[in-house]
2 protein chains.
Amino acid sequence: MENEQSYKDKKVITIGVVRELTGLSERQIRYYEERKLIFPDRSSGGSRKYSFSDIELLIEIANKIGDGVQTYDIRQEMKKKQIEKDTKTIRNKMIQGQLNAQFGIRKQ
Amino acid sequence: MENEQSYKDKKVITIGVVRELTGLSERQIRYYEERKLIFPDRSSGGSRKYSFSDIELLIEIANKIGDGVQTYDIRQEMKKKQIEKDTKTIRNKMIQGQLNAQFGIRKQ
DNA sequence: CGTGTAAGGAATTCTGACACG
DNA sequence: CGTGTAAGGAATTCTGACACG
């Protein structure tokens with residue numbers, strides 16, 4: 001659950017390769033970043049670095065735009081999903097905290 | 001067994017990122033290719049592209065060189081390993097062929 | 001709104017060679 | 001043998017802007 005994901009989420013891919021892998025133009029890829037849909041890392045020189053996850057996300061974004069969804073709405077969707085995810089994480093942490101406090105049970 | 005590996009073995013990483021990830025110099029990385037220890041893809045423009053597997057292999061190579069092993073000997077080791085692997089693959093295929101011929105058993 | 005494009009510059013990468021040892 | 005380096009050039013990427021609609 002750590003080593004597997006380390007490949008998928010590691011931001012190491014330059015925009016040219018992303019262009020090839022997604023079929024999108026660099027203009028499109030940069031624009032989606034401008035609209036806060038995607039968040040590449042930067043090299044020391046300023047080049048964008050993407051992960052495989054980012055590439056999958058870009059393809060989803062492009063599909064939605066192809067369906068007529070606007071970037072603003074895509075962003076709202078993503079925010080909502082993120083909140084759901086965070087909520088679950090917090091709930092789990094609270095339950096874990098309760099268990100620890102009462103029984104000292106701890107996940108390995 | 002296909003999608004997981006597709007990330008690890010996909011050659012999408014430029015030499016600069018490989019340098020950062022391995023701590024090796026570009027000179028070293030290119031030299032190991034010259035000695036036939038590593039085989040990056042090339043972009044249309046000629047830039048080298050490496051996979052995460054390549055990065056792991058580069059680290060192994062560098063460790064061996066640090067131990068005093070010469071590139072030629074590392075190459076022999078790698079060849080030997082590859083032959084063992086191929087032998088196993090061929091043996092499996094032959095067994096599979098026998099089973100198919102006699103019983104029509106087929107792997108899904 | 002989402003995308004194409006030309007512009008100019010900076011960062012990245014490439015090859016072949018000389019150097020050291 | 002394995003690696004550093006300076007050299008010159010080519011490929012890659014960056015930003016800000018104009019255009020269309």
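Just so we're clear, the structure is a prediction, and the values are computed from it rather than from any experiment.
Heavy-atom distances to DNA chain C give each of B/Y50 and A/Y31 a nearest nucleotide, and the one nearer the 5′ end belongs to A/Y31. Ranked by how close their nearest DNA chain C nucleotide is to the 5' end, A/T71 and A/T14 are led by A/T71.
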Dot-bracket for DNA chain D, 5' to 3', with Watson-Crick and G-U pairs under 3.5 Å, [ ] for crossing pairs and | for other-strand pairs: what is it? .||||.||.|.|.||.||||.
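For A/K11 and A/D54, the salt-bridge test passes: some basic side-chain N is under 4.0 Å from an acidic carboxylate O.
Look at CD1 on B/I15: it is 14 Å from C1' on D/dT3, rounded to the nearest Å.
Legend: side chain to side chain donor-acceptor pair (under 3.5 Å) pairs involving residues 13-23 of chain B, not counting sequence neighbours, sorted by first then second residue: B/R19-B/E26.
Under the salt bridge (Lys or Arg N to Asp or Glu O under 4.0 Å) criterion, A/R42 pairs with A/E33, sequence neighbours left out. Remark: B/Y32 pairs with no residue by the ring-ring contact (aromatic ring centres under 6.0 Å, His included) rule, at least two apart or across chains.
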Protein-nucleic acid N or O pairs under 3.5 Å, nucleotides 5-8 of chain C:
{"unit_1": "C/dT5", "atom_1": "O4", "unit_2": "A/R27", "atom_2": "NE", "d": "3.3"}

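Considering only side-chain N and O atoms, A/R48 lies nowhere under 4.0 angstrom from the phosphate OP1 or OP2 of D/dT13.
Note on B/I29 and B/F39: separate hydrophobic clusters, where clusters join Ile, Leu, Val, Met, Phe, Trp and Tyr whose side-chain heavy atoms are under 4.5 Å apart, directly or indirectly.
Only at 4.0 angstrom or more do the heavy atoms of residues 57-65 of chain A sit from any atom of DNA chain D, so none qualifies.
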